[in-house]
Structure formats: C-alpha cells, structure tokens
Amino acid sequence: MRPAGGAPAGAGVVVGDGIVLTCAHVVNAALGRDRFAAEEPSDADLAGLTLTLPAHGTGAETYRPTLLSWTPARPSARPGRWEGDLALLRLPEGAPRPTPVRFADAAMGSTAWVWYASGDGRTAVDVLVQKPLGPWLLLDPGSSEVPVRHGYSGSPLWDSASGAAVGLMVSVEPEVRRYYALAPAAVREALAAAGLAAAGPRDPRQEWLHQQAAEALAALPEERFRRGANRLAWSLGLSRPPARPEDAADAALAHPRGLPALRDAFTEPAARPAAGEPGYTEARLAAVVARACPVRLLGPEDHARLAGLLAGVPLPELLAAARAAVPYLPLHSERVPDTAALLDCLENRTAEPGVMPPLLQVAEEVAALRAGVREELRELDDRVAARLRVLPGALDQVRADAKARAGSRAAGRPVVRVWLWDRGKGDAFCYVIRLYDGDDQPLSTWSAVDTPRGHEELCGQLAEAVRMLAEHGDNAGVEFLLEHGSFGLPFDRWPIPVPDLGPRLLGMDHVVVLRGQRQPSRGPWERRWGCAGSAASVVQDVDHADDLLGEDRDAALVIAACAPGEIDPMVRLCRHYGVPVMLWHRQGAGDGTTGALLELTGGDWRRDLREAVRRQRFTARKDDRMLGAHLALLWEDPRWDPRTAGLAEPAPLP
C-alpha cells in the first residue's frame with residue numbers, strides 16, 4: 001500500500017472475497033495525513049492510494065481500493081494504550097481474488113513471521129509471541145538480527161505451523177527492539193462489525209468449549225451476566241465488555257488465561273447444587289473450564305497477585321520450597337531462570353480433581369516460611385482452591401504439611417548484622433554486632449553502646465562473629481546498618497583477624513552490603529523491587545537522580561556515578577524514593593568506571609550482583625588501584641527487616 005508513485009507505507013492482508021485488512025494509520029500515512037487522524041478518508045482521498053498484490057502477476061500491477069470500514073486509533077481507558085487502528089478496503093472489480101487468510105489464536109512462546117510492505121520474501125523477520133497485552137500481542141525480536149521497522153505495519157503475523165495469521169503487525173517501539181501486533185480477537189471484532197465472518201472455523205475441541213461456555217452463560221440473569229462481563233473485560237484488557245454469551249466465550253478462547261478468567265468472572269465458590277438452584281450455572285461453567293484442562297490455571301488477576309507476592313522471595317528459596325512441596329517434579333535451576341518461569345512450570349502441572357495443584361502447594365510452602373506474605377498467600381489459595389473445587393480436606397492437609405516442614409528447617413540463611421554509629425572523632429565507634437541464624441533469631445551479641453571503641457577492638461569482635469557465622473555453612477554474609485554520613489566508609493577493606501592466617505580483608509571472604517537503620521518509603525520500595533528485570537539506571541548527581549527517579553517509578557538499581565562528596569546526599573535521595581539497590585565507586589566515576597559498573601550489573605543482578613562484587617573485591621585484595629578495591633553496595637531487599645538494634649541509640653559524644 002502506497003501513495004500513487006510513492007514508497008510503500010505499509011502492508012495488508014486479504015481476509016475475505018476482495019477484502020483487505022490493514023491498519024488505519026497505514027492508510028493515513030499513505031495519504032500523507034497525520035498517522036492518528038480520526039476522520040474517515042473520502043473516496044476522493046482514496047483516489048491517491050494504490051494497492052499491489054505481490055503474489056499475483058508481476059507484482060507491479062496497482063489497484064485503487066474503496067473503503068469498507070474505518071476504525072481509527074483512539075486512546076484506551078488504560079494509560080499508554082490505544083484501541084482500534086483498523087481499516088477494511090475493497091479491491092475493485094476485475095482485481096485478482098487471493099484466497100482469504102485464516103486468523104487463529106496465537107500460542108504464547110511461538111515464532112511467527114512478518115513482512116515489509118513490498119511482500120519480498122527476503123524482508124521476512126522472525127518474532128517471538130511473548131504475551132497478550134490488552135488488545136495487542138507483545139512481540140520480542142528473539143535472536144533475529146533483522147529489525148522490524150516502519151513499513152511492516154499491516155503485515156499478517158504468520159504462524160507457519162498452523163498456516164494461519166495470529167495477529168496484525170501494528171507498531172514498533174522507537175527506543176528498544178520491541179513490537180506489537182493486534183490480537184486475533186480484535187481482528188474478529190472488526191470483521192464482525194463489518195458484517196464479515198472470520199475466515200476459518202475453530203477446531204472441533206474449541207467449538208465444543210465455545211458452545212458449552214456460551215450455553216452456561218446464557219442461563220444467567222441479564223444483570224448477573226452484565227456484571228460478569230464487566231469483570232471479564234477488566235481482567236482480559238478488552239476494549240469493551242462482551243455483549244452476548246457468545247462474545248464472552250470468544251474472548252475467553254482468544255486469551256491464554258481466558259478460561260480461568262471466565263470462570264473467575266462469572267462464578268463464585270459453591271457446592272454442587274442441583275439444576276435450577278442458585279449456583280447451578282456457576283458450577284456448570286467451572287466444570288466446563290476444568291474439563292478443558294487450560295494451559296494456565298490462574299486468571300490474569302490472580303496470576304499477577306501471586307507473582308507480586310513472590311517477587312521478594314529469592315529464587316533459590318522458591319526452588320527449595322517447590323522441591324519440598326512437590327518433590328516428584330523435576331525443577332532444575334538452570335531450566336528455571338526466574339520466578340515467572342517457575343510459576344509457568346508449576347501451572348503446567350495439573351492435578352487430579354479435588355486435589356491441590358502443585359502451584360498452590362508451593363504457595364502454601366512459602367506462606368509457612370514467610371510471615372510477611374503468609375496471610376495474603378493463604379487468602380489467595382483459599383479463593384482459588386474454592387474456584388477449582390479442591391476438597392477442603394486436601395487444602396487443610398497441604399497447609400498442615402507445609403507448617404510441619406517449616407518448623408523443622410530454617411527459612412533463610414545466617415547473617416551478621418552490624419549497627420554502627422561513627423562518632424566522628426577519629427577512631428571512635430559505637431556499635432551492636434549480632435549473629436542471626438537461618439530463622440532470623442539472634443544467637444550472639446557484641447556491643448559497645450555507652451562507650452565508643454576503637455577500630456581495632458571493633459574488628460576483633462567482628463572477627464569472632466564472622467568466625468561463628470562460617471560455622472553455619474552457607475550464609476548471607478555481613479550487613480552494616482548505618483546512619484547517614486557513614487556510607488562512604490570502606491567496610492569491605494577492614495582487616496579482620498583470621499586464625500592461622502593473620503588479617504584478611506572482610507570483603508574477600510564474605511559478601512558485605514550496606515543498609516540504612518530506618519526503612520525507606522515502603523510503598524515505592526516494594527514497587528521498585530517488584531519490577532523484575534529492570535536495568536541499571538546511571539545518575540551523575542543529585543539533581544539528575546531527582547529528575548530520573550521522580551519520573552521512573554520502576555528503577556530498582558541505581559549506579560551513582562558522582563563525586564565522593566555527593567555520596568551521602570545521593571544515598572539519602574535514593575532511599576527517599578525507595579530505591580533498594582545502589583552501587584558506586586568510592587573514589588568517584590573516572591574514565592571507564594561507569595562502563596565497568598554497568599557490565600558488573602548485567603544479567604540477573606538480583607541473583608548475581610552481591611557475589612560478583614565480592615569477587616571483584618577479592619581480585620583487588622592486593623592492589624587498591626583496581627575497581628573492586630572501592631566498590632560500595634547498598635542492598636535493601638524485601639527480606640530485610642530494619643529492626644532496631646535492641647538497645648538505645650547512643651548519644652553523641654560531648
């Protein structure tokens with residue numbers, strides 16, 4: 001599709017007899033209008049538009065279409081999204097009649113193709129169908145080195161395995177290689193509104209599910225159906241609530257979590273009532289979904305809620321909980337790179353009717369170990385188990401088993417915590433040192449609160465605590481809880497006496513992190529930590545950090561590339577915004593330093609960063625000119641409870 005004699009503006013796909021589907025913004029671009037112009041183009045406007053059919057003839061023949069249907073892009077109720085952006089064009093009489101393309105539902109994780117407007121096969125690009133996002137599909141470039149660019153809009157998202165289109169290419173993000181396609185449900189809606197049937201029937205199994213679900217919903221009173229349709233639209237990100245039972249069934253079958261969402265929107269926990277009694281329709285719909293054995297157990301809202309509750313639990317701890325709860329499942333850490341993958345793996349494992357599914361068993365295991373999320377996890381399990389018709393006795397048994405296992409093992413790892421007050425008069429510190437076991441219970445305490453002690457005496461008592469920590473095997477290292485003004489001290493370089501070896505730098509053998517003595521803003525802190533996969537944000541000074549963090553509420557890791565004298569105000573500001581992790585070089589950002597810090601934070605920094613910093617410190621043990629000799633790491637993850645030291649804070653020296 002192009003202006004007469006001009007370059008291609010975008011592609012299209014034949015969806016009916018002489019009917020071409022494309023994006024409204026492609027038509028606007030070909031006509032030289034604003035891409036988001038809402039006004040329907042006139043016949044006179046379309047006189048300047050030509051279509052080619054590359055698969056027919058030489059591909060050089062052009063055709064002037066007429067407009068059949070126009071749905072311009074319009075803002076969605078959800079910020080940052082839009083709806084519509086579709087146009088149906090009719091080919092003129094005498095133009096070839098290509099076979100219409102069939103639209104099928106997209107399989108998440110599958111590979112599909114898109115083409116440039118010219119239709120040249122050499123422009124085909126592989127993309128991965130990552131996840132649904134409202135009316136769109138989020139696409140990832142995967143390993144493809146060829147980018148999708150402007151001119152690909154309107155191309156069918158082609159699944160060669162099924163021989164069908166699974167979406168319509170609509171946009172690319174200018175800053176990153178990430179793309180979007182309109183989902184098949186949006187295409188079907190546009191075709192239906194134009195009086196066209198979606199090409200190609202459903203497979204027999206989907207047709208049966210559609211019929212059963214629609215019949216169950218048709219039995220609901222009108223008001224009850226309307227409320228459920230509103231909940232379904234919100235859950236699946238639909239542009240409007242389904243108007244009929246058939247539309248609700250369509251929406252559910254087009255979304256990977258649609259069937260659980262359908263069950264959750266229209267049903268409530270109930271016993272198995274007889275026909276005609278209140279709740280009969282709900283039980284019937286739940287039975288339909290159960291027989292369908294959907295790939296996903298949870299609806300979008302419950303899945304997002306569970307993922308959020310587990311976001312603060314380290315992956316090794318989650319894997320340990322899963323192996324304890326469901327030891328018969330093969331859960332290899334190299335195949336489960338993050339929490340999302342673990343949830344997918346557990347959801348894919350079905351259970352016998354009435355039995356707690358593995359996903360909820362693992363949630364109960366975590367609830368037994370972590371008091372902070374226990375009540376919310378159990379409330380979610382109660383609700384989901386009731387919807388799944390899990391027998392009450394099965395839930396009670398799983399919960400009791402998880403509690404018994406939690407009582408017989410430690411949930412965390414031993415740690416040494418050091419509350420430190422720098423008295424600011426040379427070699428003078430007040431402190432409380434405590435060794436905690438894996439259940440976060442204090443085992444031993446060393447303190448100097450009333451009378452400041454010198455550095456040598458402090459290191460001697462810290463050495464004893466560290467020696468006892470090592471006897472507990474795998475541990476979390478040493479945490480320094482500091483008042484503002486002390487974050488620039490080189491704690492990792494402190495020489496700690498070691499039997500038979502003499503002094504060794506503390507950061508050589510142990511993970512050493514810094515923390516505040518008071519909790520930062522809890523809401524922003526939890527939000528930022530929950531932004532899994534967020535990349536590092538580099539800030540040069542306090543004003544720059546204020547601008548960035550005030551706008552980006554998802555930044556969880558900050559690299560402070562500032563002068564040493566600005567570290568304390570930078571830490572204050574970042575903690576004010578709830579940033580849980582900061583990394584900086586104590587001598588400031590020199591040539592190449594910022595790049596080295598960015599390289600250090602690459603990959604899964606939540607899992608690897610603390611140990612990566614320790615290795616850098618070990619490498620620099622004999623050369624203070626190396627990067628690791630001056631690394632400072634603030635680490636305030638959700639497991640941290642910034643309790644008081646258990647003693648009164650010492651008063652300043654006179």
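Sequential numbering from 1 along the given sequence is applied to the chain's residues.
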Which atom of N475 lies closest to which atom of A470, heavy atoms considered: ND2-CA, 4.4 Å

Side-chain (R553) to main-chain (R528) donor-acceptor, under 3.5 angstrom: no

Should D302 and R383 count as an ion pair when the cut-off is N to O under 4.0 Å? yes

Looking only at heavy atoms, what is the nearest atom pair of L395 and M356, with distance? CD1-CE, 3.6 Å

Taking every non-hydrogen atom, the tightest pair across N230 and P241: OD1-CG, 3.0 Å

Can you find a heavy atom in the side chain of V511 that is under 4.5 Å from one in the side chain of V478? no

Does the distance from a Lys or Arg side-chain N to an Asp or Glu carboxylate O, for R257 and E347, drop under 4.0 Å? yes

Tell me, do T445 and V432 make a side-chain contact under 4.5 Å, heavy atoms counted? yes

How close do V416 and A465 get, heavy atom to heavy atom, and via which atoms? CG2-O, 3.8 Å

Just by distance, do the side chain of R515 and the backbone of F480 share a donor-acceptor pair under 3.5 Å? no

Backbone N or O of P580 within a donor-acceptor pair of the R575 side chain at under 3.5 Å? no

Scanning both residues in full, the closest heavy-atom pair of A632 with L514 reads CB-CD1, 4.3 Å

Compare every heavy atom of E636 with every heavy atom of V579, then report the nearest pair and how far apart it is. O-OE1, 4.4 Å

Under 3.5 Å, is there a donor-acceptor pair linking the side chains of E365 and Q361? no

Quick check: do V558 and L549 have side-chain heavy atoms less than 4.5 Å from each other? yes

Is there a side-chain contact between R617 and V613, using heavy atoms and a 4.5 Å cut-off? yes

Measure the shortest side-chain to side-chain distance between V513 and R610 over non-hydrogen atoms and say whether it is less than 4.5 angstrom. yes

salt_bridge(E483, R518) N-O dist < 4.0 Å: no

Backbone of A368 reached by a side-chain donor or acceptor of R374 within 3.5 Å: yes

Between E301 and S235 (side chain of the first, backbone of the second, donor and acceptor by atom type, cut-off under 3.5 Å), is there such a pair? no

Decide salt bridge (charged side-chain N to carboxylate O under 4.0 Å, His left out) for R370 and E317; before the verdict, give the C-alpha distance in whole Å, the side-chain angles of both, and the deciding distance to 0.1 Å. CA-CA 11 Å; R370 285 183 165 264; E317 184 179 329; 2.9 Å; yes

Should L631 and L597 count as side-chain neighbours, where that means a heavy-atom distance under 4.5 Å? yes

Value rounded to 0.5 Å, distance of CG in L232 from CG in D264: 10.0 Å

Is a donor on one side and an acceptor on the other found under 3.5 Å between the side chain of R621 and the backbone of F618? yes

Cation-pi check, R417 to Y436: give yes when NZ or CZ is under 6.0 Å from the six-membered ring centre and within 45° of the ring axis, no otherwise. yes

Are P260 and L298 packed together at the side-chain level, in the sense that at least one heavy-atom pair is separated by less than 4.5 angstrom? no

Might you work through the salt bridge (charged side-chain N to carboxylate O under 4.0 Å, His left out) test for E471 and R467, ending with a clear yes or no? CA-CA 7 Å; E471 294 175 356; R467 179 185 58 77; 3.2 Å; yes

Evaluate the salt bridge (charged side-chain N to carboxylate O under 4.0 Å, His left out) criterion for residues D509 and R504: first the C-alpha distance (whole Å), next the side-chain angles of each, then the deciding distance (0.1 Å), finally the verdict. CA-CA 8 Å; D509 302 321; R504 285 175 68 85; 2.8 Å; yes

For a 4.5 angstrom cut-off between non-hydrogen side-chain atoms, does T601 reach V581? no

